[in-house]
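Remember, it's 1-based here, ligands and their atoms both numbered in the order they're listed.
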Amino acid sequence: MCLTLESVSFSYPNGPAILHDANLTFEQGAYYLVRGPSGSGKSTLLRLLCRLEEIQAGSIQYKECDITDIAPASLRRCVAYVQQMPTLLPGTVRDNLLLPFSFHSNKNVTPPADLELTGYLDSFLLTGITLDSEANRLSVGQSQRICLIRSLLLHPEVILLDEPTASLDPESAEVVLKKTMELSRQGITVIMISHSEKTPEGVNQIVSILDKGLVAQ
Ligand SMILES: Nc1ncnc2c1ncn2[C@@H]1O[C@H](COP(=O)(O)OP(=O)(O)OP(=O)(O)O)[C@@H](O)[C@H]1O
């Protein structure tokens with residue numbers, strides 16, 4: 001088992017229950033879609049899994065270890081979160097891709113060479129963009145893919161994707177789906193929020209966030 005939620009409850013201050021006594025299991029290398037109406041708590045679930053929010057009751061385990069016993073920076077290297085609104089800093093695409101390698105927690109990790117970075121740009125159909133392109137000139141969809149590549153460079157074991165295809169044309173969305181399927185086949189657990197009615201081939205399970213903090217798997 002990769003990630004498990006046991007009797008987890010969470011609400012924002014003075015808000016209704018986002019999760020109430022929720023139990024979920026995520027297996028290593030499986031592909032999950034998270035669905036639910038707008039505002040039901042899909043992003044919150046992903047944020048809880050990487051400790052960007054802290055649960056108020058129950059426990060979340062990553063590889064049988066309570067996540068509150070793992071330093072947030074270490075947890076997020078293994079359980080990477082790619083948020084819905086991509087955040088890139090001023091500077092080049094290269095600067096942004098290599099940003100995590102400047103963090104103290106990654107000081108022992110060797111940064112990838114340009115050739116590897118360019119390979120990622122090509123494989124995510126970021127044609128016309130080079131490592132020297134200015135990051136603030138990219139579209140939302142392009143920036144989202146740069147953020148996804150940036151998290152992959154640290155070789156996470158779980159990747160949490162908040163609607164990564166929402167701003168993409170069908171061809172680019174297909175590429176992101178194909179690449180994330182590939183990751184799951186390589187043993188990475190993929191947990192992706194999706195509003196699409198279609199369930200792509202290769203998805204192992206749907207997690208639904210229902211009313212009143214209930215979840216179904
Ligand atoms: N930081 C916060 N403080 C207080 N309430 C919040 C906060 N973040 C989210 N919420 C509220 O919690 C609820 C769940 O939000 P969340 O973003 O998890 O939903 P979602 O299912 O991902 O929505 P969408 O599909 O629209 O992106 C919403 O009612 C939202 O307004």
Next item on the list: Answer yes or no for atom 31 (O) of ligand 1: protein heavy atom present at a distance under 4.0 Å?
Entry: no

Next item on the list: Output yes when a protein non-hydrogen atom is found under 4.0 Å of atom 6 (C) of ligand 1, and no otherwise.
Entry: yes

One finds that the ligand 1 atoms under 4.0 Å from a non-hydrogen atom of Thr44 are 14 (C), 15 (O), 16 (P), 18 (O)

Numbered in order shown, the ligand 1 atoms found under 4.0 Å of a heavy atom of Lys42 are 18 (O), 19 (O), 20 (P), 21 (O), 22 (O), 23 (O), 24 (P), 25 (O)

Looking only at heavy atoms, the pair that brings Gln28 and Lys63 closest together is OE1-CE, 4.1 Å

Checking heavy-atom distances from atom 14 (C) of ligand 1 to each of Gly39, Pro13, Ser11, Gly36, the winner is Gly39

Taking every heavy atom of Ile206 against every heavy atom of Val203, the minimum-distance pair comes out as CD1-CG1, 4.3 Å

Under 4.0 Å from one or more heavy atoms of Pro37, ligand 1 contributes atoms 21 (O)

In terms of heavy-atom contacts, Leu89 and Ala135 come closest through O-CB, 3.8 Å

Among non-hydrogen protein atoms, atom 27 (O) of ligand 1 lies closest to Gln84 OE1, 3.8 Å

Among non-hydrogen protein atoms, atom 1 (N) of ligand 1 lies closest to Tyr12 CE2, 3.6 Å

re atom 17 (O) of ligand 1, the protein heavy-atom contact at minimum distance is Ser43 CB, 3.7 Å

For Asn23 and Ser7 the tightest heavy-atom approach is OD1-N, 2.8 Å

Filtering Pro16, Ala166, Ser38, Ser40 for the heavy atom nearest atom 24 (P) of ligand 1 leaves Ser38

Exactly one candidate in Leu98, Leu121, Asn96 meets side-chain contact (heavy atoms from CB on, under 4.5 Å) with Leu131; the answer is Leu121

* Compute the minimum heavy-atom distance from His195 to ligand 1 and say whether it is under 4.0 Å. => yes

What one should report as the nearest heavy-atom pair of Val175 and Phe124 is CG1-CA, 3.8 Å

Worksheet item: Under a 4.0 Å N-O cut-off, is there an ion pair linking Lys42 with Glu163?
Response: no

Arg137/Glu134 ion pair, N-O < 4.0 Å: no

Q.
Which label fits Phe10 and Tyr12: parallel for a plane angle under 30°, tilted from 30 to 60°, or perpendicular past 60°?
A. perpendicular

Below 3.5 angstrom, do we get any N/O pair linking Gly41 and ligand 1? yes

So the atoms of ligand 1 within less than 4.0 Å of a heavy atom of Ile18 turn out to be 12 (O), 13 (C), 14 (C)

